[in-house]
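Bear in mind the structure is a predicted one, so any value in this text is a computation, not a measurement. Counting starts at 1 for both ligands and their atoms, following the listed order.
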Amino acid sequence: MAVGRDAVSSWGEQATRALAGAGFRRGGARAAVIDLLDRQDCALSAVEIEDELRRHGERGVARASVYRILEELEGLRLVSRVEVGQKLARFEPSRPEGHHHHLVCHECGQVIPFEDAGLERSIMRLSRRMAFDVEQHDVVLRGACRDCAG
Ligand SMILES: [Zn+2]
Ligand SMILES: [Zn+2]
């Protein structure tokens with residue numbers, strides 16, 4: 001269990017507190033984006049976030065606002081960015097307990113999450129070998145998914 005972290009509160013609660021602490025006002029758009037991200041296990045694009053908010057009957061949150069809020073959250077290390085190519089990015093909540101990596105298909109743009117204990121151990125070994133205190137890491141493997149290969 002991470003020290004100094006409130007293990008009971010959800011990512012959404014932590015994000016709301018961190019934004020308030022950084023002096024951002026609690027707006028309807030911020031709350032809506034945080035609520036939506038809090039329900040995600042993996043990454044969404046800004047367009048998907050915008051569509052999803054509209055589908056759930058939130059009053060529309062303009063795409064520019066979605067981008068701005070994502071930048072605020074990224075700046076506070078509350079979301080991490082997954083680059084999927086063609087300058088497209090996806091965003092997901094940074095949760096220590098849901099740590100995973102991504103396969104990105106360069107044909108259809110699909111993003112497939114994966115976990116690999118061996119990979120995590122390799123990164124820790126590398127950290128010791130290089131005497132470098134690795135605080136976070138992300139791994140993106142690019143290629144063709146099952147549907148697009150061959
Ligand atoms: Zn993910
Ligand atoms: Zn594909």
**Request:** Report the relative orientation of the aromatic rings in His137 and His99; use parallel for angles under 30°, tilted for 30 to 60°, perpendicular for over 60°.
**Result:** perpendicular
**Complete:** Within a distance under 2.8 Å of the Zn ion (ligand 2), the protein atoms of type N, O or S are Cys105 SG, Cys108 SG, Cys145 SG, Cys148 SG
**Prompt:** Judged by atom type as modelled, is there a donor-acceptor pair below 3.5 Å linking the side chain of Ser65 to the main-chain atoms of Val61?
**Reply:** no
**Request:** State plainly whether the residues Arg90 and Glu83 are in salt-bridge range, i.e. N to O under 4.0 Å.
**Result:** no
**Prompt:** Got a sec, which pairs hit side chain to side chain donor-acceptor pair (under 3.5 Å) with one end in residues 104-119, sequence neighbours left out?
**Reply:** none
**Request:** Sort and list the pairs that fulfil side chain to side chain donor-acceptor pair (under 3.5 Å) and have at least one residue in residues 66-76, not counting sequence neighbours.
**Result:** Arg30-Glu72, Arg68-Glu72, Glu74-Arg81
**Prompt:** Are side-chain heavy atoms of Leu37 and Leu73 found at a separation under 4.5 Å?
**Reply:** yes
**Prompt:** Got Leu141 and Val104 here, is their nearest side-chain heavy-atom distance under 4.5 Å?
**Reply:** no
**Message:** Go through it in stages, so that I can follow the logic: the residues are Cys145 and Ile112, the test is side chain to side chain contact (heavy atoms under 4.5 Å, CB included), and I'd like the CA-CA distance, side-chain angles, deciding distance and then a yes or no.
**Reply:** CA-CA 9 Å; Cys145 73; Ile112 304 159; 4.3 Å; yes
**Item:** Tally, protein N/O/S atoms nearer to the Zn ion (ligand 1) than 2.8 Å
**Value:** 4
**Asked** Crowded around Arg77 CZ? As in, over 12 foreign heavy atoms under 6.0 Å?
**Response** no
